[in-house]
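These numbers come from the heavy atoms of this one structure, side chains and all, not from hydrogens, waters or symmetry mates. Residue numbers begin at 1 in each chain, while the letters A, B, ... track the order of the sequences.
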Protein chains: 2
Amino acid sequence: MSKKRLSIVDIANNLNISKTTVSFILNGRAKEKRISTEMVDKVLKYVKEVGYKPNSLAKSLRTGKSNTIGLIVEDISNPFFGSIARLIEDRAYKNGYKIIYCSTYNDMQKTRDMINMFRDRHVDGYIIAPPQGVEEDIASLINESMPVVLFDRYLPTIDTDYVVVNNQFSAYNATQYLVGQGYKNIALITFANDQTQMVDRIRGYQMALKEHGLKQLIKELPFAEDLTESITAFLKSRKGIDAVLFGTNRDATYGIKIMHNLGIRIPEDIAVISFDDSDAFELHSPPITTVAQPVEDMAEHIITILLDKLNNNGVGTKNQSIVLHTDLVVRGSSQPVKK
Amino acid sequence: MSKKRLSIVDIANNLNISKTTVSFILNGRAKEKRISTEMVDKVLKYVKEVGYKPNSLAKSLRTGKSNTIGLIVEDISNPFFGSIARLIEDRAYKNGYKIIYCSTYNDMQKTRDMINMFRDRHVDGYIIAPPQGVEEDIASLINESMPVVLFDRYLPTIDTDYVVVNNQFSAYNATQYLVGQGYKNIALITFANDQTQMVDRIRGYQMALKEHGLKQLIKELPFAEDLTESITAFLKSRKGIDAVLFGTNRDATYGIKIMHNLGIRIPEDIAVISFDDSDAFELHSPPITTVAQPVEDMAEHIITILLDKLNNNGVGTKNQSIVLHTDLVVRGSSQPVKK
DNA sequence: CTGAAAGCGCTAACAA
DNA sequence: TTGTTAGCGCTTTCAG
């Protein structure tokens with residue numbers, strides 16, 4: 001049972017032909033090389049029979065292609081990234097690509113290490129939700145004409161493909177909506193970093209408030225494992241708040257838990273809107289209004305662009321910036337203020 | 001900038017030494033081979049300077065090791081699997097292993113394809129939450145003395161390591177708890193398959209009811225993308241139910257949504273307990289009582305066992321079956337019946 | 001202490 | 001139409 005794996009040489013020997021012939025047949029170049037149909041059939045039959053599998057490592061070494069895509073997300077256990085990963089994986093496999101993945105937790109050093117590891121492993125292309133500080137590494141990837149697609153956020157100083165959503169408008173729109181519902185003291189609670197999606201969300205929030213002459217109230221969360229303390233402190237100290245927009249699902253999940261603990265009622269005491277939709281928000285009582293990102297579309301665009309580059313060898317294809325639109329999913333957590 | 005990558009030969013040539021020496025030094029076998037310290041320093045310095053990275057493909061081809069672990073879960077976008085994946089990934093990377101992963105959606109054929117792909121890619125070990133019907137493939141992996149660790153469920157006919165929880169007792173205990181709270185008409189709604197974890201959960205539920213002479217009411221959900229219809233039909237048709245135990249977080253998520261739609265109040269009309277804890281359940285009003293699996297411990301055990309086998313080359317290590325215990329996290333969804 | 005050389009399994013130019 | 005052969009970059013035995 002535990003036979004040694006056969007190589008192309010073994011099968012050539014057993015059939016008394018050359019390994020070149022086998023190689024050509026296996027790679028579907030029989031026609032091109034005008035190999036006789038009988039030969040082809042014989043080889044194919046034998047290969048099936050003995051269950052021969054080519055050694056993809058050797059193939060990769062020779063061809064320089066690994067048929068692997070490196071997927072770098074922020075946190076695979078976050079449903080937003082999990083869903084995207086799942087969809088990308090599916091499409092990739094259907095096109096003969098495997099996925100190697102990792103989570104960065106927005107850690108620049110870890111991300112750089114991972115990029116290097118992936119480079120080491122000769123991945124054919126990269127899909128990255130980049131933290132700040134990896135511009136150089138990504139630039140050098142691109143320099144080596146590696147296909148790189150960024151998503152969720154992009155790097156302003158790097159010219160490459162990316163797929164994001166219209167974060168600024170989305171935040172603007174969500175805030176406008178809260179104002180329209182009668183809220184006057186709208187806070188933004190969000191993880192603070194310089195990533196484009198965050199900057200844009202903050203800007204959108206600010207624009208909406210400015211438009212109505214309302215006061216801004218931004219709580220920038222620290223880079224921390226646990227956000228309980230900082231959010232609790234904020235919510236306790238600011239008694240006037242009547243609505244909160246959360247910058248990410250993670251922030252909101254913490255925030256809502258804390259509101260429960262503090263006995264803050266949603267939306268009677270504080271209305272809530274979060275970025276990123278999820279079951280948790282839909283199930284909540286009252287259900288949470290969210291800015292839903294079009295996860296399927298994002299994944300679809302990301303993988304399509306990447307496969308395109310992979311197939312065209314990156315030649316002649318212009319970089320694309322895809323900006324998708326979100327949906328404001330209105331639910332009970334943002335009901336009109338009752339007088 | 002876009003220099004060709006240097007190989008070990010290049011660096012040997014540039015230093016006027018043999019590539020063997022370089023290889024030995026790079027692999028930390030300088031001492032063993034009694035290579036002069038100056039030589040070592042010189043090489044190391046040069047390597048650092050030019051940023052040489054060994055070609056891991058070539059290395060793998062030669063050594064037969066790929067330093068890659070294949071991770072096969074049911075659905076990476078499910079928080080339960082996502083969390084485990086995240087933890088495993090972390091430990092794996094710290095030990096020099098990369099992860100290749102895929103989701104099976106319990107599809108036997110897809111799983112078999114994936115196992116073959118992984119085998120192709122020469123992964124060094126497998127971590128699998130196996131669906132039914134892949135026994136043969138896994139057996140043949142083990143036959144080739146590949147380290148394989150199963151988790152979440154195991155295959156009764158296969159002798160290999162696995163990490164699971166005490167599903168039967170957990171379901172028994174949760175059901176007992178509901179009985180103790182005064183519920184008399186307790187249904188079990190669960191995805192129906194023959195996987196061990198499901199069989200055990202059903203059995204536990206049955207034992208508890210039998211013990212109290214209560215009637216069993218099991219709704220086996222079909223293998224379907226959307227569970228709305230079947231759960232809705234069940235909940236509508238069985239007016240007597242006063243409590244439900246859900247077999248998985250997915251089932252419960254659907255179930256709770258549907259209860260909302262049907263105007264069923266939790267726990268006044270129907271009490272709820274679900275397997276697998278998550279933010280969604282904690283945030284829900286009332287928060288959902290859950291059977292929480294020790295995700296960290298599971299991941300820890302899984303990766304520890306695998307790394308162990310990997311290091312010992314699988315020799316001399318007995319297979320281990322680790323059965324971890326769950327926590328019944330009591331929350332508002334299972335409050336005592338009010339008379 | 002260091003080097004020459006074989007070979008992992010495959011592809012593809014070149015020959016026949 | 002098929003076969004010969006030279007590597008891809010690395011490890012490792014065996015000889016110096």
Counting only side-chain N and O atoms of [X], is one of them less than 4.0 Å from OP1 or OP2 of [N]?
X       : N      : value
A:Arg29 : C:dA12 : yes
B:Asn55 : D:dC8  : no
A:Lys59 : C:dT11 : yes
A:Tyr52 : C:dG9  : no
A:Ser36 : D:dT2  : yes
A:Thr21 : D:dT2  : no
B:Ser23 : D:dT11 : yes

Mind calculating the distance between [atom1] ([X]) and [atom2] ([N]) to the nearest angstrom?
X       : N      : atom1 : atom2 : value
B:Asn13 : C:dA4  : CG    : P     : 10 Å
B:Ile8  : D:dT12 : CD1   : P     : 11 Å
A:Glu32 : D:dT2  : CD    : P     : 15 Å
B:Leu61 : C:dG9  : CG    : P     : 7 Å
B:Leu57 : D:dC10 : CG    : C1'   : 11 Å
B:Phe24 : D:dT11 : CZ    : C1'   : 8 Å

Any luck finding a side-chain donor-acceptor pair between A:Thr68 and B:Arg121 under 3.5 Å?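 Result is yes, a qualifying pair exists.
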Measure the shortest side-chain to side-chain distance between A:Met298 and A:Phe80 over non-hydrogen atoms and say whether it is less than 4.5 angstrom.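 A:Met298 reaches A:Phe80 side chain to side chain.
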On DNA chain D, check which nucleotide each of A:Lys19 and A:Arg34 is closest to and give me the residue with the more 5' one.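 Here A:Arg34 is the residue nearer the 5' end.
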Among B:Leu306, B:Val163, B:Val149, find the residue that satisfies the side chain to side chain contact (heavy atoms under 4.5 Å, CB included) test when tested with B:His301.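 For B:His301, the side chain to side chain contact (heavy atoms under 4.5 Å, CB included) check succeeds only for B:Val163.
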For the pair B:Lys53 and A:Asp120, evaluate salt bridge (charged side-chain N to carboxylate O under 4.0 Å, His left out) and give the outcome as yes or no after the intermediate values. CA-CA 7 Å; B:Lys53 293 274 175 196; A:Asp120 250 39; 5.3 Å; no
Mapping A:Pro54 and B:Ile35 to their closest nucleotides on DNA chain C, which lands nearer the 5' end?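 Upstream on the strand: B:Ile35.
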Test for a donor-acceptor pair under 3.5 Å between the base of D:dT4 and the side chain of A:Thr20, counting only N and O atoms.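 In this structure, the two groups form a donor-acceptor pair.
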